[in-house]
Amino acid sequence: MKHLLSLEKLSPADFEKILHDATAVKRQRGAHPSQPLAGQTWALIFSKSSTRTRVSFETGIRELGAGVMFLNANDIQLGRGEPIKDTARVLGRMIHGAVIRTYAQADVEEFAEFSKIPTINALTDDEHPCQILTDIFTFQETHGPIAGKVVTFVGDGACNVPVSWIFAAAKLGFELRIAAPKAFQPSAEILKRAGGKIVCTEDLKGAATGADLLYTDVWVSMGKEAEAADRIRVLGGYQINAELVKLAKPGALVMHCLPAYRGKEIDAETFEAHADTIFTQAENRLHVQKAILNWTVS
Ligand code: CP
Ligand code: NVA
């Protein structure tokens with residue numbers, strides 16, 4: 001039994017195992033030789049909105065043989081203040097695994113500790129591990145091993161998505177450049193914890209030059225809506241557009257974890273020019289998360 005709570009805690013061997021298994025899982029869709037979750041019941045407990053994560057986990061859990069229930073955190077007693085550790089101890093006696101999207105990383109960790117069932121972080125304010133595992137899988141499908149490559153993240157460099165990229169970089173041996181205004185660069189403490197080759201800069205063009213992958217995420221993450229006007233002002237210009245793509249390596253990929261806000265972190269033309277990659281990336285959430293589910297029960 002294993003949890004996926006953070007990429008910081010995932011060993012390089014487990015990274016490789018999940019990424020390797022996802023290839024077979026994708027190929028075998030509709031004809032899986034075994035259903036490792038047969039007879040189980042899983043719950044999705046979400047405190048934030050979701051399209052991709054919710055639908056891919058609900059579909060993936062069913063395809064692996066289990067039943068699944070979606071619990072909006074506000075509809076259960078958790079939303080009225082029942083402690084996480086009590087919710088976890090109740091569910092741990094009834095169901096076989098949980099997928100949680102919430103604010104505090106500590107809440108996912110507490111759920112895992114008290115429920116004693118496999119627990120998967122489906123996004124917290126600190127990390128989005130399932131997304132970055134999928135992004136790396138998607139990159140490797142067309143561009144081979146990510147080790148030794150250059151990944152440039154553009155935008156809010158301090159939110160969950162770049163933080164998970166930071167923890168992946170040291171484990172898998174690629175260079176990560178974060179192009180962000182000073183106020184939106186990752187904390188020195190996270191960089192120190194992660195190690196690896198991470199360049200943080202305000203120089204967007206320098207960061208994009210020679211990159212194998214240009215990547216962006218929303219400027220206003222869930223929970224930060226009150227800061228929207230300020231963020232849009234300060235992050236203005238940290239956008240993936242045709243001019244920036246020209247600086248990257250020929251054949252470089254452009255990715256977006258979605259949802260995308262055209263005219264902000266990416267312009268409409270560049271988004272459409274790279275839509276095939278971006279929607280393959282979205283589809284791959286299903287395959288990679290099935291590999292993650294298999295790994296948690298192995
Ligand atoms: N990228 C991602 O996690 O999308 P959702 O918020 O729609 O789940
Ligand atoms: N950083 C974004 C990711 C959305 C998938 C957020 O937290 O809203």
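Counting convention: from 1, in listed order, for ligands and their atoms alike. Heavy atoms only: backbone and side chains are in, while hydrogens, waters and symmetry mates are out.
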Test item, Leu258 contacting ligand 1 (heavy atom, 4.0 angstrom):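 Checking ligand 1 against Leu258, which is what was asked, there is a heavy-atom contact under 4.0 Å.
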Residue, atom name and distance, where the atom is the protein heavy atom closest to [atom]:
atom                   : result
atom 4 (O) of ligand 1 : Arg52 NE, 2.8 Å
atom 4 (C) of ligand 2 : Leu123 CD1, 4.0 Å
atom 7 (O) of ligand 1 : Thr51 N, 2.7 Å
atom 2 (C) of ligand 2 : Ser221 OG, 3.3 Å

Does the side chain of [X] reach to within under 4.5 Å of the side chain of [Y], using non-hydrogen atoms?
X      : Y      : answer
Phe167 : Ile132 : no
Tyr215 : Ile240 : no
Val150 : Lys249 : no
Phe114 : Ile84  : no
Thr53  : Leu123 : no

Kindly confirm or rule out an N or O of His128 lying under 3.5 angstrom from an N or O of ligand 2.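 Between His128 and ligand 2 (N or O atoms, distance only) the closest approach is not under 3.5 Å.
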Look only at interatomic distance and state if Asp217 has a nitrogen or oxygen under 3.5 Å from any nitrogen or oxygen of ligand 2.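 Yes, at least one N or O pair falls under 3.5 Å.
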With heavy atoms of Met222 as the reference, note each atom of ligand 2 found under 4.0 Å away.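 Here the atoms of ligand 2 in question are 6 (C), 7 (O), 8 (O).
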Number the atoms of ligand 2 from 1 as they appear, then name those within less than 4.0 Å of a heavy atom of Val218, with their elements.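 Here the atoms of ligand 2 in question are 2 (C).
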Ligand 1 to Met222 polar contact by distance, N or O atoms, under 3.5 Å: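 Between Met222 and ligand 1, no N or O pair is found under 3.5 Å apart.
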Using distance alone, determine whether Cys257 and ligand 1 share an N or O pair under 3.5 Å.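 Yes, since at least one N or O of Cys257 sits under 3.5 Å from an N or O of ligand 1.
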At the 4.0 Å heavy-atom cut-off, does Leu258 count as touching ligand 2?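 Right, Leu258 reaches ligand 2.
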Side chains of Glu127 and Ser6: is there a donor and an acceptor less than 3.5 Å apart?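 Yes - a donor-acceptor pair under 3.5 Å links their side chains.
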Glu141 versus Asn284, side-chain donor and acceptor atoms under 3.5 Å: yes
Whether Glu175 and Lys197 form a salt bridge (side-chain N of Lys/Arg under 4.0 Å from carboxylate O of Asp/Glu) is what I want to check.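 Yes.
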Flag the pair Phe15 / Trp295 as yes when their ring centroid distance falls below 6.0 Å, and as no otherwise. no
Check Leu253 against His143 and note the closest heavy-atom contact, atom names and distance.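 Residues Leu253 and His143, closest heavy atoms: CG-CE1, 3.5 Å.
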Please compare Arg54, Arg101, His256, Arg285 and report which has the shortest non-hydrogen distance to atom 6 (O) of ligand 1. Arg101
How does Lys48 reach ligand 1, if at all, at less than 4.0 Å between non-hydrogen atoms: by side chain, backbone, both, or neither?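 For Lys48, no heavy atom sits under 4.0 Å from ligand 1.
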Under 4.0 Å from ligand 2, counting heavy atoms only, is it the side chain of [X], its backbone, both or neither?
X      : value
Cys159 : side chain
Asn160 : side chain
Asp156 : neither

When you look at NZ of Lys26, are more than 12 heavy atoms from neighbouring residues, nucleotides or ligands closer to it than 6.0 Å? yes
Enumerated ligand 1 atoms positioned under 4.0 Å from heavy atoms of His128: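 Answer, ordered by atom number: 2 (C), 3 (O).
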